[in-house]
Amino acid sequence: VNPVQLDERNHSNIEVFQTPEKLEIEIRNDPGGKYKFSLLDLLGNVVLERALNTDQKNIIPLSTFNSGCYLYGITGPGNAFETGKALIIR
């Protein structure tokens with residue numbers, strides 16, 4: 001049984017993969033685009049924000065977060081928006 005579940009909206013240039021230890025985010029075909037990642041708990045508190053690179057995989061470590069359900073959002077140019085949820089079970 002995989003201890004981590006991921007639900008995501010799929011946009012053609014943004015891919016999100018999750019393992020128990022990390023989120024991997026890859027943004028393709030948008031050189032120089034500015035993207036931002038936000039991770040929120042279910043109360044709406046932002047627990048992590050960071051800029052994303054478009055020329056490499058972005059790794060978001062999950063080992064410091066408590067068990068629970070988290071929501072993420074990725075914003076980018078032209079109102080590009082990706083959302084999803086991650087369930088972390090320790």
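Among residue pairs with one or both ends in residues 56-70, those qualifying as salt bridge (Lys or Arg N to Asp or Glu O under 4.0 Å) are E24-K57; sequence neighbours excluded. Residue pairs that meet the salt bridge (Lys or Arg N to Asp or Glu O under 4.0 Å) test with at least one member in residues 31-40, sequence neighbours left out, are K36-E49. The stretch residues 62-71 participates, sequence neighbours left out, in no salt bridge (Lys or Arg N to Asp or Glu O under 4.0 Å) pair at all.
Between I27 and L52, the closest side-chain pair of non-hydrogen atoms falls below 4.5 Å. Contact annotation: the side chain of V16 never approaches that of E26 to less than 4.5 Å [non-hydrogen atoms, C-beta and beyond]. By the 4.5 Å heavy-atom criterion applied to side chains, L23 and F17 are not counted as neighbours.
N53 meets the side chain to side chain donor-acceptor pair (under 3.5 Å) test with no other residue; sequence neighbours excluded. Every residue meeting the ring pair (Phe, Tyr, Trp, His ring centres under 6.0 Å) condition with Y70, not counting sequence neighbours, appears here in chain and number order: F65.
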Q: Before giving the answer on side chain to side chain contact (heavy atoms under 4.5 Å, CB included), spell out for Y35 and T54 the whole-Å C-alpha distance, their side-chain angles and the decisive distance to 0.1 Å.
A: CA-CA 8 Å; Y35 289 80; T54 58; 3.7 Å; yes
Q: Using the side chain to side chain contact (heavy atoms under 4.5 Å, CB included) rule, take I25 and F37 through it: C-alpha gap first, then chi angles, then the decisive distance, then the call.
A: CA-CA 9 Å; I25 303 166; F37 174 84; 3.4 Å; yes
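With hydrophobic clusters built from ILVMFWY side chains whose heavy atoms lie under 4.5 angstrom apart, I60 shares a cluster with I14.
Hydrophobic cluster membership for L71: L42 (Ile, Leu, Val, Met, Phe, Trp, Tyr linked by side-chain heavy atoms under 4.5 Å, directly or transitively).
Between P77 and G33, the closest heavy-atom pair is CG-CA, 4.3 Å.
The distance from atom CG of L40 to atom CG of L48, rounded to the nearest 0.5 Å, is 9.5 Å. Of the inter-residue distances, the one linking I59 atom CD1 with R50 atom CZ reads 8.5 Å to the nearest 0.5 angstrom.
No donor-acceptor pair under 3.5 Å is formed between the side chain of N45 and the backbone N or O of V47.
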